[in-house]
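For reference, the structure is listed below as structure tokens.
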Amino acid sequence: MSQKPSIPKGTRDFLPSDVAKRSYLFSVIRSVYEKHGFLPIETPSFELSSTLMGKYGDEGDRLIFRILNSGDKMKKADLQALDAGNLPKFASSLSEKALRYDLTVPFARFVAQHQNDITFPFKRYQIQAVWRADRPQHGRYQEFYQCDGDSIGSDSLLNEVEFIQIIDSVLTQLAIPAFTIKINNRKILSGIAEVCGEAHHLIAITVALDKMDKIGSAGVITELESKGLSQGAIDKISPLFSLKGKPEEQLDLMEKYLSNSVVGLKGIDELRYVFETITAIGVQEAKIEFDVTLARGLNYYTGAIFEVKVDNVNMGSICGGGRYDDLTATFGLSGVSGVGISFGADRIYDVLEELNLFPKNVSLSLSVLFVNLGHKESLVSMQLAKELRSNGIDCEVYPSAVKLQKQLKYANDRGCAWVVIIGEEELQNQQLSLKNMESGEQLKFAITNFISEFSKL
RNA sequence: GAGGUUGUAGCUCAGUUGGUUAGAGCGUCGGUUUGUGGUACCGAAGGUCGCGGGUUCGAGACCCGUCUCCCUCCCCA
């Protein structure tokens, strides 16, 4: 009985050509991080449930893949909780581990755990898979790679500026034609909630504002009403919908708007510094905008927040991040501020594919194939192949002496540039034939000086 | 988690109001006389029609369930 081959929803296989393109993408990101002095770390695919649960809000918790206890640990099942209808508690009793949902929370755990082994400010990058039990959609997978960079242990706003530079460098290097880095600050959002007297509705306000570009101002107002905001507060918020102009001008307006909020003004100061600094230094291709409607769901952000969109492409944000002041506190290390970003490698991949931006030469091809025409002949080929490899040239010997036609077809399918033919006739004359697979031309060389002749081609 | 949609050979799809042995193109494999690929010609293999149940004399077509694809919401990379 054969089984129909299939993989779980939201996952993918990668063919050799896919892997080649992905390695290219990762290498660009890696090299930019390293140029900025970031150090690589890796953390396990799964963490203790207690490390992850409760860090991403209720929605996030729901999307965490949990790992069922195995063996005798199944006996720990809390049947009383099941009887009482307390499903979350029952589920927790069945699962002590979970697949990582992002790279930031494991990083916070890592920093607290290894605080004596690292030097602050600590700048790390991490390129690994994460898993979310989300419903798959365009640009949305259950297994995907994030490429995080975080700088922890420094509250200097120069870190924020550096991340803008990093985003700019990566996306410019990938030749993405037009992209926008949107920036906001959680303190400004807090200030807005404060000045309209709805500080306890902060989450509702930010979530509603975040939907601005999707549902429009009327939709946002409807949403705010449904969350129970007063008419006065809504009237106070609605002027923000039409905020326009350069970042500096918008910040001036927001400064007046938030004049009664200490925290709000702090947010304005921070952003103004970031904008002024990055303007002074300059960027390559990035457009940088202040967007008061940018909220971002993850509830651990406390300062600047970033989101990056590729212009004119139907794809969610390809990069996001922000500053978090006390994420390590839950792991026993308090007073350490951090800021970080995360590139969504799979979404960037999809964008590069859609815009046809992958360089032609990333595909993997074979340089030389030695055709196999018999045992004695193949021994000579194996010897030559060994020497070619030590000269840095990739090559292989066809494993069996099947029809030449078949072997040439194989060379063709592999995108092979050269084929070496050593048969009975060549062997007798101590020669070999070198075939150029593109032109079809064939040259003869003495076996003894093939290596030196080939490297001249 | 809510709603909609899709599912036929390895891939892209046909398959007419339910009616004999389910088709095409591409791909794969083999051949077109001995050691020359990418083109051409000839031929072959490959499908319990996503899975399970039901209606019917008869189901790839209809009904129910389930899984999956894609999409909207939620949320997010």
Side-chain angles (χ1 to χ4, degrees), chain A residues 1-13 15 25 29 56-64 87 101-104 127-148 167 203 206-208 210-211 214-215 219 223 294-299 305-310 314-321 340-351 369 371-374 377 398 401-427 432-442:
Chain A
M1 268 300 275
S2 79
Q3 186 184 354
K4 187 183 178 180
S6 62
I7 54 177
K9 67 176 174 184
T11 65
R12 293 147 301 155
D13 284 327
L15 292 169
L25 173 56
I29 294 172
Y56 308 103
D58 291 343
E59 282 298 329
D61 280 0
R62 209 191 66 205
L63 298 178
I64 293 174
L87 292 179
Y101 175 89
D102 71 357
L103 301 177
T104 304
I127 299 177
Q128 289 189 279
V130 302
W131 295 268
R132 295 185 188 177
D134 205 354
R135 192 162 291 202
Q137 238 176 88
H138 181 60
R140 182 175 298 205
Y141 306 97
Q142 292 204 338
E143 178 182 65
F144 60 98
Y145 271 71
Q146 291 194 326
C147 312
D148 274 33
I167 295 168
I203 302 289
T206 57
V207 168
D210 196 37
K211 293 182 191 165
K214 226 173 208 173
I215 60 179
E223 170 125 359
L294 173 64
R296 294 189 57 77
L298 292 174
N299 49 16
I305 43 186
F306 309 105
E307 196 160 284
V308 184
K309 293 267 296 177
V310 179
N314 173 29
M315 178 62 73
S317 69
I318 57 167
C319 180
I341 56 167
S342 178
F343 290 99
D346 301 82
R347 285 187 176 177
I348 296 174
Y349 180 98
D350 288 350
V351 167
L369 177 76
V371 142
N372 185 335
L373 295 173
E377 293 84 349
Y398 198 87
V402 297
K403 286 176 73 167
L404 185 58
Q405 194 180 45
K406 192 181 166 78
Q407 300 190 45
L408 286 172
K409 185 168 161 38
Y410 173 81
N412 203 53
D413 290 346
R414 289 292 307 273
C416 203
W418 301 97
V419 167
V420 173
I421 301 170
I422 303 175
E424 204 177 349
E425 184 194 317
E426 281 88 353
L427 207 51
L432 57 76
S433 302
L434 179 69
K435 184 180 174 75
N436 179 321
M437 288 300 280
E438 199 173 339
S439 65
E441 277 178 62
Q442 235 164 277

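None of these values were measured; they are calculated from a predicted model. Reminder, nothing fancy here: chain letters follow the sequence lines and each chain counts from 1.
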Under 3.5 Å between N/O atoms: give me all the protein pairs with nucleotides 2-4 of chain B, atom names plus distance.
from	atom 1	to	atom 2	distance (Å)
G3(B)	O6	R135(A)	NH1	3.2

Atom-pair distance (CG on L103(A); P on C76(B)), nearest Å:
16 Å
Would you find a donor on one side and an acceptor on the other, under 3.5 Å apart, between the side chain of Q407(A) and the backbone of V402(A)?
yes
When rounded to the nearest Å, what value does the distance between P atoms of U21(B) and U68(B) take?
34 Å
Between G35(B) and E426(A), counting only base atoms on the nucleotide and side-chain atoms on the residue, is there a donor-acceptor pair under 3.5 Å?
yes
Pick base, sugar-phosphate or nothing for C416(A), based on heavy-atom distances below 4.0 Å to the nucleic acid.
nothing
So is the aromatic ring of Y410(A) stacked onto the base of G37(B), judging by whether the centres are under 5.5 Å apart and the planes are under 30° apart?
no
Aromatic plane relationship, Y398(A) with Y410(A) - under 30° parallel, 30 to 60° tilted, over 60° perpendicular
perpendicular
Round to the nearest Å and state the distance from L63(A) atom CG to C75(B) atom P.
11 Å
Rounded interatomic separation in angstrom, taking CG from L369(A) and C1' from G37(B):
11 Å
Mind checking the CD-CG spacing from E426(A) to L432(A)? Nearest 0.5 Å is all I need.
7.5 Å
How is E438(A) classified with respect to the nucleic acid when contacts are heavy atoms under 4.0 Å: base, sugar-phosphate, or nothing?
base
Whole-angstrom distance between C75(B) and G1(B), as gauged at atom C1':
11 Å
What interatomic distance, in whole Å, is found between C1' of A9(B) and the corresponding atom of G47(B)?
5 Å
Looking only at atom C1', what distance separates U17(B) and U56(B), rounded to whole Å?
16 Å
Tell me what G57(A) touches on the nucleic acid: a base, only sugar-phosphate, or nothing, going by heavy atoms under 4.0 Å.
nothing
With a cut-off of 6.0 Å (strictly less than), are more than 12 heavy atoms of other residues, nucleotides or ligands near CD of E424(A)?
no
Is there a donor and acceptor pair, one atom on the side chain of K435(A) and one on the base of U36(B), closer than 3.5 Å?
yes
Considering only the C1' atoms, how many Å lie between U12(B) and C69(B), rounded to the nearest integer?
15 Å
Does the A77(B) base have a donor-acceptor partner in the side chain of R140(A) within less than 3.5 Å?
no
Hey, does I421(A) reach any base, or is it just sugar-phosphate, or nothing, if we go heavy atoms under 4.0 Å?
base
Taken to the nearest whole Å, CD/E59(A) to C1'/C75(B) is 6 Å
Selected nucleotide, minimal atom distance to R132(A) side chain, candidates C69(B), A77(B), C74(B)
A77(B)
Which residue lies toward the 5' end of RNA chain B, A133(A) or Q405(A), if each is placed at its nearest nucleotide?
A133(A)
Contact class for G139(A) (heavy atom, under 4.0 Å): base, sugar-phosphate, or nothing?
base
Could you please name the option among A77(B), U36(B), G30(B) that lies closest to any side-chain atom of K406(A)?
G30(B)
In terms of side-chain heavy atoms of E424(A), which of U28(B), C74(B), G35(B) is nearest?
G35(B)
Nearest non-hydrogen partners of T206(A) and A295(A), listed with the distance
O-CB, 3.2 Å
Would you kindly give the CZ-to-P distance between R62(A) and C73(B), to the nearest whole Å?
15 Å
Near Y141(A) OH, under 6.0 Å, is it more than 12 heavy atoms from other residues, nucleotides or ligands?
yes
The single option from I167(A), L25(A), I127(A), D148(A) passing side chain to side chain contact (heavy atoms under 4.5 Å, CB included) against F343(A)
I167(A)
What is the minimum heavy-atom distance between Y145(A) and D346(A), and which atoms define it?
N-OD1, 2.6 Å
Starting at atom CG of L404(A), determine the distance to atom P of G31(B), rounded to an integer number of angstrom.
13 Å
Expected output: side-chain R12(A) to main-chain E143(A) donor-acceptor under 3.5 Å:
yes
Given the P atoms of G10(B) and U48(B), what is the spacing between them in whole Å?
8 Å
Looking at every strand, decide which applies to G10(A) at a 4.0 Å heavy-atom threshold: base, sugar-phosphate, or nothing.
sugar-phosphate
Under a 3.5 Å distance rule, please check whether Q142(A) uses its side chain to pair with a backbone N or O of D134(A) as donor and acceptor.
yes
Rounded interatomic separation in angstrom, taking CD from Q142(A) and C1' from A77(B)
14 Å
Spacing of the C1' atoms in G25(B) and G46(B) (rounded, Å):
15 Å
Less than 4.0 angstrom between a side-chain N/O of K403(A) and OP1 or OP2 of G31(B), yes or no?
yes
Looking at H138(A), I'd like to know whether one of its side-chain N or O atoms comes within less than 4.0 Å of OP1 or OP2 on C71(B).
yes
Expressed as a whole number of Å, how far does the P atom of G60(B) sit from that of A44(B)?
26 Å
For I318(A), does its backbone N or O pair with a side-chain atom of R347(A) as donor and acceptor, under 3.5 Å?
no
Is any N or O donor-acceptor pair between the side chain of Q442(A) and the base of U36(B) shorter than 3.5 Å?
yes
Which heavy atom of R135(A) sits nearest a heavy atom of R140(A), and at what distance?
O-CD, 3.3 Å
Using a heavy-atom cut-off of 4.0 Å across all strands, would you classify G316(A) as base, sugar-phosphate, or nothing?
nothing
Runs of at least three consecutive pairs that involve RNA chain B, where pairs are Watson-Crick or G-U with distances under 3.5 Å:
B:1-4 with B:70-73, B:10-13 with B:23-26, B:28-32 with B:40-44, B:50-54 with B:62-66
Rounded to whole Å, the CG-C1' distance (D134(A) to C71(B)) equals 14 Å
Just call it for V207(A): base, sugar-phosphate, or nothing, with non-hydrogen atoms closer than 4.0 Å on any strand.
sugar-phosphate
Heavy-atom pair of closest approach, residues L427(A) and E377(A)
CD2-CG, 4.1 Å
Any base atoms under 4.0 Å from K309(A), or only sugar-phosphate, or nothing? Heavy atoms, all strands.
nothing
Classify Y141(A) by what it touches in the nucleic acid, base, sugar-phosphate, or nothing, heavy-atom distance under 4.0 Å.
base
